[in-house]
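Ligands are counted one by one from 1 in listed order, and the atoms in each one are counted from 1 as well. As the structure is a computational prediction, the values presented were derived from the model and not from experiment.
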Amino acid sequence: MSQYWSKLVHTLTPYVPGEQPKINNLIKLNTNENPYGPSPKVIAALQKEAADSLRLYPDPNSDALKQAIAEYHGLNANQVFVGNGSDEVLAHVFNALLKHDKPILFPDITYSFYPVYCGLYEIDFETIPLSEAFEINVDDYLKANGGIIFPNPNAPTGRLLKLSEIERLLKHNTDSVVVIDEAYVDFGGESAVGLVSRYPQLLVTHTFSKARSLAGLRVGYAVGHPDLIDALHRVKDSFNSYPLDRFAQAGAIAAMNDTAYFEETRQRVIKTRESVVDALEAMGFEVLPSGANFIFARHPKYEAEALATSLREQKVIIRHFKKPARIDQFLRITIGTDVECKALVQALKKTLKM
Ligand SMILES: *Cc1c(COP(=O)(O)O)cnc(C)c1O
């Protein structure tokens, strides 16, 4: 605390990301990174970018990247916004599109960055409880609001909401923006991107950090009606003209264009997820249905905190959220390679003395 801080800074409770351990020999299943490296074409594009041209500023508008994203989704480039990770895109979304008189709505159990942005931009919010089975019920959102946001699949539950339910929400909710955060959609969900041309209040965000194996490059994007995209540009250009450097633009273009590599690695993660679910269920875990590259599981007989500690002693790190109370007995486990997941299952067997 300091007398030099602004009033706002005194009120902030910043987001705490999962640990990036400084030791190497851990099996890292705690932050939903992809276990497979980026496409070799991405590496080649980055190497090519390490050149004399680094003395020049990058394209402030990332036009070539927007074009690649637009082509992939069958949209126009004016329906695409890009940023330094989808976290930055989301920050601009809160500031540009979700700050109104009425409170915005999001689930009580969801991505814990949302309330942090509300604090930063002084936005009122109301949390809507997930059902007993940790599902989003669209009927609970059919009321006056300043905007609606949730991930699909949701995090950290991994549960999917059907596209028909999202469309039902859009049909009812026409006076405020609906943001669907599709950070994990490529691991088994139905994307709402196909709806953006029909619903001008819909904005869908994606990231290169998960299914495209580029968490270290920091690239994310939003797609929606050109008027929504325009609002995001107005905020971005009042904040940082160059959020994506030359490496980020070149690497993301190469990743977007290598659909074969993307398909192969995401299918591998999905396949491994199914075998991890089977192994955990055989050990007595209750595992929520997952459409993501992680699972959310609890054991009726063992404390989550004790399980997390025991795994760590065996060099496997996973994520345990202590709050809210409804999820304090769950572990969120990222899907790694088959070898990493075998090590996880072995470590759990040892802990459970099986
Ligand atoms: C990982 C994640 C993001 C952020 O991704 P970045 O592009 O790495 O900033 C956004 N939303 C959810 C729900 C996530 O899990």
ask   = Strictly under 6.0 Å, is that where the ring centroids of F262 and F208 end up?
value = no

query = Is F113 touching ligand 1 with its side chain, its backbone, both, or neither, if touching means heavy atoms under 4.0 Å apart?
reply = neither

query = Within less than 4.0 angstrom of ligand 1, does Y184 place any heavy atom?
reply = yes

query = Any cation-pi pair here, R332 with F296, using under 6.0 Å and within 45°?
reply = no

ask   = G85 heavy atoms, cut-off 4.0 Å: which ligand 1 atoms fall inside?
value = 7 (O), 9 (O)

request  = Inspect the contact between E167 and K162 and indicate whether a charged nitrogen and a carboxylate oxygen are less than 4.0 angstrom apart.
outcome  = no

Ligand 1 to Y114 polar contact by distance, N or O atoms, under 3.5 Å = no

query = With backbone taken as N, CA, C and O and side chain as the heavy atoms from C-beta onward, which portion of S86 lies under 4.0 Å from ligand 1: side chain, backbone, both, or neither?
reply = both

ask   = Going by an N to O cut-off under 4.0 Å, is there a salt bridge joining R268 and D338?
value = no

key: 4.0 Å heavy-atom contact, D181 with ligand 1   = yes

inquiry  = Within the supplied structure, the quantity of interest is the number of heavy atoms (other residues, nucleotides, ligands) at a distance under 6.0 Å from D101 CG; does it exceed 12?
reply    = no

ask   = Are R266 and E263 close enough for a salt bridge, meaning some N to O gap below 4.0 Å?
value = yes

remark   = Out of R212, E33, R218, the nearest non-hydrogen contact to atom 9 (O) of ligand 1 is supplied by R218

ask   = Counting from 1, what ligand 1 atoms have a heavy atom of S209 closer than 4.0 Å?
value = 6 (P), 7 (O), 8 (O)

Where ligand 1 meets A183 - atom numbers and elements under 4.0 angstrom, heavy-atom basis = 2 (C), 11 (N), 12 (C), 14 (C)

message = Heavy-atom contact check, 4.0 Å cutoff: does K210 meet ligand 1?
response = yes

request  = Among F113, Y117, F125, find the residue that satisfies the ring-ring contact (aromatic ring centres under 6.0 Å, His included) test when tested with F106.
outcome  = F125

